[in-house]
Amino acid sequence: MASWTDPIINWENPHAFAGFIRLVTRAAYGTFRSGKAFGLQHFDRLLQFKLFCESLVIDTTKAGLFLGGLGLVSLLRKQRRYFWFLSLCFFTSGPLFVFYAGFPAFLNFYLGTSERFLLLPYLILYIFIGLGITEASRLVNSFLSTLLKRNIRIPVEFIF
């Protein structure tokens with residue numbers, strides 16, 4: 001949309017559909033790779049995918065992933081359209097992009113570069129985690145309400 005204002009720098013003429021596709025796919029640069037020797041082998045790309053999954057576990061912890069999964073299931077049951085939209089956003093901006101880009105992981109500089117691209121999938125994951133927290137609180141509230149209706153007493157040390 002910014003190219004319609006005819007800025008001084010306007011790469012690939014994105015007014016036209018062909019120019020837009022060239023701009024998005026970075027056709028002027030050849031195939032997208034983060035360096036000359038990076039991502040040439042599929043094994044390197046699978047290694048990046050493994051690194052992406054390990055980063056998810058380290059950064060969000062297993063509890064966060066559980067809450068994210070709970071939020072994902074809750075969204076699937078209640079709002080299928082949002083489930084598919086957010087799942088597709090997470091998949092394309094996370095695992096698919098990491099596999100496509102093939103960033104190297106053997107130096108801290110390259111690792112830091114690749115971690116910059118985790119921001120968008122993490123944002124989407126945190127939406128799932130927030131929905132999971134909401135669903136978990138609803139389930140706990142329902143469970144406690146059921147216990148109170150049945151007049152079942154739970155020792156205080158088990159609650160806290």
Side-chain angles (χ1 to χ4, degrees), residues 1-4 7 9-143:
M1 290 193 304
S3 71
W4 288 327
I9 299 174
N10 197 10
W11 289 296
E12 301 293 339
N13 186 24
H15 286 84
F17 182 72
F20 177 74
I21 295 298
R22 286 184 53 81
L23 179 68
V24 171
T25 60
R26 300 174 47 100
Y29 298 100
T31 182
F32 177 75
R33 289 193 324 245
S34 54
K36 289 182 181 180
F38 305 137
L40 296 176
Q41 304 296 323
H42 289 298
F43 179 76
D44 295 337
R45 293 172 188 255
L46 291 175
L47 184 63
Q48 270 306 112
F49 178 72
K50 180 181 178 249
L51 181 67
F52 173 78
C53 293
E54 288 174 355
S55 296
L56 280 179
V57 173
I58 291 169
D59 293 342
T60 59
T61 70
K62 291 178 183 175
L65 292 177
F66 172 75
L67 289 171
L70 186 62
L72 196 65
V73 169
S74 170
L75 200 58
L76 177 63
R77 295 169 120 190
K78 297 176 183 175
Q79 300 277 334
R80 275 189 194 267
R81 287 174 45 170
Y82 290 123
F83 165 81
W84 287 112
F85 172 73
L86 289 173
S87 297
L88 186 63
C89 288
F90 177 80
F91 180 73
T92 55
S93 68
L96 185 65
F97 178 76
V98 165
F99 183 80
Y100 174 71
F103 290 107
F106 53 85
L107 294 175
N108 285 339
F109 174 76
Y110 296 126
L111 186 60
T113 302
S114 66
E115 285 179 346
R116 184 260 176 259
F117 292 100
L118 297 178
L119 295 175
L120 184 58
Y122 276 20
L123 175 67
I124 298 165
L125 176 64
Y126 295 145
I127 292 171
F128 291 140
I129 290 173
L131 292 168
I133 291 170
T134 303
E135 186 65 19
S137 66
R138 188 193 64 75
L139 291 172
V140 168
N141 188 24
S142 173
F143 176 72

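Quick note: residue numbers are just sequence positions, from 1.
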Heavy-atom side-chain proximity of E135 to L131 below 4.5 angstrom: no
Beyond-backbone contact of F66 with T61, side-chain heavy atoms, under 4.5 angstrom: no
K50 atom NZ, neighbour heavy-atom count above 12 within 6.0 Å: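 No, NZ of K50 has 12 or fewer neighbouring heavy atoms, counting only those of other groups under 6.0 Å.
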Compare every heavy atom of [Y] with every heavy atom of [X], then report the nearest pair and how far apart it is.
{"X": "G94", "Y": "F52", "result": "CA-CZ, 3.8 Å"}
{"X": "Y122", "Y": "L56", "result": "CE1-CD2, 3.2 Å"}
{"X": "A136", "Y": "L67", "result": "CB-CD2, 4.1 Å"}
{"X": "L86", "Y": "I124", "result": "O-CG2, 3.5 Å"}

To the nearest 0.5 Å, what is the distance between [atom1] on [X] and [atom2] on [Y]?
{"X": "S93", "Y": "L118", "atom1": "OG", "atom2": "CG", "result": "9.5 Å"}
{"X": "L70", "Y": "L65", "atom1": "CG", "atom2": "CG", "result": "12.5 Å"}
{"X": "L76", "Y": "S87", "atom1": "CG", "atom2": "OG", "result": "8.0 Å"}

Under 3.5 Å donor-acceptor, S55 side chain and L51 backbone: yes
Aromatic ring pairing F90/F128, orientation class (parallel under 30°, perpendicular over 60°, tilted between):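 Plane angle over 60°, so perpendicular.
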Candidate pair F97 and T92, rule side chain to side chain contact (heavy atoms under 4.5 Å, CB included), full reasoning: CA-CA 6 Å; F97 178 76; T92 55; over 6 Å; no
Side chain to side chain contact (heavy atoms under 4.5 Å, CB included) between Y126 and I129, worked out: CA-CA 5 Å; Y126 295 145; I129 290 173; 3.7 Å; yes
